[in-house]
2 protein chains.
Amino acid sequence: MFELDIRSRQPIYEQLVEKMKELIIHEVWKPNEQLPSVRVLAKELTINPNTIQKAYRELEYQGYIYSIPGKGNFVAPQSKAINHEKVEAVKQQLLKLLCEAFYIGITRDDILSLLEEAEQSAGRGDET
Amino acid sequence: MFELDIRSRQPIYEQLVEKMKELIIHEVWKPNEQLPSVRVLAKELTINPNTIQKAYRELEYQGYIYSIPGKGNFVAPQSKAINHEKVEAVKQQLLKLLCEAFYIGITRDDILSLLEEAEQSAGRGDET
DNA sequence: CTGACTGTAATAATAATAGTAGTACAGTTA
DNA sequence: TAACTGTACTACTATTATTATTACAGTCAG
């Protein structure tokens with residue numbers, strides 16, 4: 001399920017956060033679904049449980065999951081991920097990246113295509 | 001000119017790369033303009049010349065500047081920054097970010113506004 | 001040519017961070 | 001009770017970022 005690049009200069013826990021975020025955004029992992037336990041996933045990926053936990057804490061901080069001690073970690077309903085600061089941060093990131101895109105010659109039409117693609121693949125269920 | 005956050009977990013040289021890239025993209029630094037020398041900038045920012053050099057090497061690798069040993073570092077003409085791999089990489093980043101944007105409730109119209117803003121500010125000397 | 005710039009390279013030492021290993025404690029559930 | 005779950009903490013190692021220092025070579029104005 002996860003292909004981690006140990007040799008990458010990007011820390012393992014950051015790679016985990018990115019890939020899990022994708023699974024959540026694309027609703028491969030549905031709201032309130034239970035995530036693999038830190039110990040099970042650590043064993044499966046042959047990495048340390050602490051590293052998984054670090055990724056889970058980061059995902060919780062960003063509003064993508066919530067945890068119930070003793071029970072497990074669960075995908076947060078989308079509403080939890082929506083917070084004004086985060087929205088502004090993503091907008092700013094987006095603006096930067098769009099400027100860069102124009103600079104290196106990506107056209108407005110290219111971007112509109114990507115927009116279509118994103119709109120179709122992103123979780124579109126507007127449930128709770 | 002640069003406000004560096006030493007306390008940030010983001011390495012100084014990465015912060016430099018980001019900020020300089022912005023200056024180049026927004027044509028505050030024009031093509032073929034000479035960048036500050038590694039020693040002068042290091043003294044100005046009270047950091048080590050090696051750290052500046054690392055940032056310059058990264059910018060050169062990404063095609064945003066070129067260097068002439070003995071003379072200095074210079075802003076690359078835009079054509080140098082355009083390389084197929086980079087274009088694809090930025091497109092992929094953009095797609096990911098757009099998906100995330102939709103997920104957290106940013107609307108299509110919001111994004112179209114950002115697109116306008118980017119189109120106007122990229123390469124026209126506007127500030128961020 | 002000299003002197004004062006420029007970039008580049010390399011080494012060594014330090015500081016900060018990522019990752020592992022192990023242990024312990026508490027809540028949940030069958 | 002037993003076997004899960006999350007969380008917290010300490011200690012150790014490996015990696016990386018950053019600094020400090022030195023050295024060498026190209027450029028250019030005097």
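Just so it is clear, the values below take in all heavy atoms, side chains as well, and ignore hydrogens, waters and symmetry mates. Owing to the predicted nature of the structure, the values given are computational and were not obtained by experimental measurement. In what follows, chains carry the letters A, B, and so on, assigned in the order in which the sequence lines appear, proteins first and then strands, with residues in each chain numbered from 1.
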Just how far, in rounded Å, is [atom2] of [N] from [atom1] of [X]?
| X | N | atom1 | atom2 | value |
| --- | --- | --- | --- | --- |
| A:Glu14 | C:dA18 | CD | C1' | 10 Å |
| A:Ile65 | D:dT7 | CD1 | C1' | 13 Å |
| A:Lys43 | C:dT20 | NZ | C1' | 17 Å |
| A:Leu35 | D:dT7 | CG | P | 12 Å |
| B:Asn73 | C:dC5 | CG | P | 18 Å |
| A:Glu58 | C:dT17 | CD | C1' | 15 Å |
| A:Leu41 | C:dT20 | CG | P | 12 Å |
| B:Leu59 | C:dT8 | CG | P | 12 Å |

Flag side-chain contact, heavy atom, 4.5 Å: B:Val38 against B:Asn50: no
Remember a base hit wins even if backbone is also touched, and classify A:Tyr13 as base, sugar-phosphate or nothing at under 4.0 Å, heavy atoms. sugar-phosphate
Taking only residues two or more places apart in sequence or in another chain, which ones pass ring pair (Phe, Tyr, Trp, His ring centres under 6.0 Å) with A:Phe74? A:Tyr66
Reading nucleotides 25-30 of chain C 5' to 3', which nucleotides get B (base under 4.0 Å from a protein heavy atom), which S (sugar-phosphate only), which -? --BSS-
Looking only at side chains, do B:Gln93 and B:Glu88 share a donor and an acceptor under 3.5 Å apart? no
Among all residues two or more places apart in sequence or in another chain, which pass the side-chain hydrogen bond (donor to acceptor under 3.5 Å, both in side chains) test with A:Glu22? B:Lys96
With B:Glu100 via side-chain hydrogen bond (donor to acceptor under 3.5 Å, both in side chains) - residues at least two apart: A:Lys21, A:Tyr64, A:Lys86
To the nearest 0.5 angstrom, please state how far the CG atom of A:Asn73 sits from the CG atom of A:Leu59. 9.0 Å
Report the distance from atom CD of B:Gln15 to atom CE of B:Met20, rounding to the nearest 0.5 Å. 11.5 Å
Between B:Arg57 and B:Ser37, who's closer to the 5' end of DNA chain C by nearest nucleotide? B:Ser37
Nucleotide of D:dT18, D:dG6, C:dT8 approaching B:Val38 most closely (side-chain heavy atoms): C:dT8
What are the residues of residues 48-55 of chain B, sorted by number, that bring a heavy atom to within less than 4.0 Å of DNA chain D? B:Asn48, B:Asn50, B:Thr51, B:Lys54
Donor-acceptor list for residues 104-118 of chain B side chains, cut-off 3.5 Å, not counting sequence neighbours:
{"from": "B:Thr107", "atom 1": "OG1", "to": "B:Asp109", "atom 2": "N", "distance (Å)": "3.4"}
{"from": "B:Thr107", "atom 1": "OG1", "to": "B:Asp110", "atom 2": "N", "distance (Å)": "3.1"}
{"from": "B:Thr107", "atom 1": "OG1", "to": "B:Asp110", "atom 2": "OD2", "distance (Å)": "3.2"}
{"from": "B:Arg108", "atom 1": "NH1", "to": "A:Glu116", "atom 2": "OE2", "distance (Å)": "3.3"}
{"from": "B:Arg108", "atom 1": "NH1", "to": "A:Glu119", "atom 2": "OE1", "distance (Å)": "2.6"}
{"from": "B:Arg108", "atom 1": "NH2", "to": "A:Glu116", "atom 2": "OE2", "distance (Å)": "3.0"}
{"from": "B:Asp110", "atom 1": "OD2", "to": "B:Thr107", "atom 2": "N", "distance (Å)": "3.2"}
{"from": "B:Ser113", "atom 1": "OG", "to": "B:Asp109", "atom 2": "O", "distance (Å)": "3.2"}
{"from": "B:Glu116", "atom 1": "OE2", "to": "A:Arg108", "atom 2": "NH1", "distance (Å)": "3.3"}
{"from": "B:Glu116", "atom 1": "OE2", "to": "A:Arg108", "atom 2": "NH2", "distance (Å)": "3.0"}

Counting only heavy atoms from other residues, nucleotides and ligands, does the tally under 6.0 Å from CD of A:Glu14 exceed 12? yes
